[in-house]
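Written out below as structure tokens is the structure these notes cover.
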Amino acid sequence: RVDDIENQVAGIDVMFHHKGYIYLCDEKCATRNFNRYLATFCLECLQRQKTGKRLFMDGWFLNKDTRTNSYLFLWVDAIEGDAINSYKDIKKVDVALVRKDKIIEYLNNIGLTESVIRETVDEMLNNAEQSRWVNGIKFSQLFIRENPINILLPRETYKKIADVYETMEF
């Protein structure tokens, strides 16, 4: 686990070796809709800057300033009660360890190159579009504080391209 600010700012929550690969991993957890199967996980392409003004910056997936080379995606599918107050409340979680280059390769293979993604995001932002489908993949803009524009990839896609995919029940 990373606890120094320099690595955390660079997008690294955990560093480890697995099967000869050094993972500089950003942990991502679906924090809404517990006790419900979520079929996707969002890749954040754009977000409002922390100043709250109408200035935008690359989201964590497109941000070139991070050193992240992988993600640990977590879907909490079952909890005890309505909220998580302790790790003991988690009853079922799916975990996908996915390298960033495998996500990029998958997207490129279906025609979603970085330039296509950026063009789509710009058009959505300029037209205040809530969602758009490109090459069978949904882009979605959430009108919340960060105002992110995300790519929604199916959980099954993560399962196929993950280095590790596990379902854990407690």
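Not measured: the values here are computed from a predicted model.
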Under a 4.5 Å cut-off applied to non-hydrogen side-chain atoms, are [X] and [Y] in contact?
| X | Y | value |
| --- | --- | --- |
| L74 | K28 | no |
| L153 | L107 | yes |
| R132 | E123 | yes |
| I90 | M168 | no |
| I104 | E114 | no |
| N69 | D101 | no |
| T68 | L24 | no |
| Y71 | L43 | no |

Problem set entry | Check: N7 side chain, I12 main-chain N or O, donor-acceptor pair, under 3.5 Å | no

Nearest-0.5 Å distance that lies between atom [atom1] in [X] and atom [atom2] in [Y]:
| X | Y | atom1 | atom2 | value |
| --- | --- | --- | --- | --- |
| T113 | R118 | OG1 | CZ | 10.5 Å |
| I103 | S70 | CD1 | OG | 9.0 Å |
| F170 | K88 | CZ | NZ | 13.0 Å |
| I117 | L62 | CD1 | CG | 6.0 Å |
| F73 | F41 | CZ | CZ | 6.0 Å |

Problem set entry | E105: side-chain contact (heavy atoms from CB on, under 4.5 Å) partners, not counting sequence neighbours | N109

For this session: Answer with yes or no whether the hydrophobic clustering places Y21 together with M15; edges join I, L, V, M, F, W, Y residues whose side-chain heavy atoms lie under 4.5 Å apart.
Result: no

Exercise. Transitively linked via ILVMFWY side-chain contacts under 4.5 Å: L97 with V14?
Worked result: yes

Exercise. Does K160 make a cation-pi contact with Y165 (under 6.0 Å, within 45 degrees of the axis)?
Worked result: no

Exercise. Among side-chain atoms of D163 and Y23, is any donor-acceptor pair under 3.5 angstrom?
Worked result: yes

Shortest non-hydrogen contact between [X] and [Y], atoms and distance:
| X | Y | answer |
| --- | --- | --- |
| V76 | I79 | CG1-CG2, 3.4 Å |
| S131 | K138 | CB-CE, 3.6 Å |
| C25 | L72 | SG-N, 3.5 Å |
| E44 | P148 | OE2-CB, 3.8 Å |
| I137 | P154 | CD1-CD, 4.5 Å |
| D3 | Q8 | CA-NE2, 3.8 Å |

For this session: Take atom CD1 of I22 as the centre, draw a 6.0 Å sphere, and report whether it contains more than 12 heavy atoms from other residues, nucleotides or ligands.
Result: no

For this session: Give a yes or no on this: more than 12 heavy atoms of other residues, nucleotides or ligands lie within 6.0 Å of atom CD of E27.
Result: yes

Seminar exercise, completed: side chain to side chain donor-acceptor pair (under 3.5 Å) pairs touching residues 74-84, sequence neighbours excluded, are D77-R155

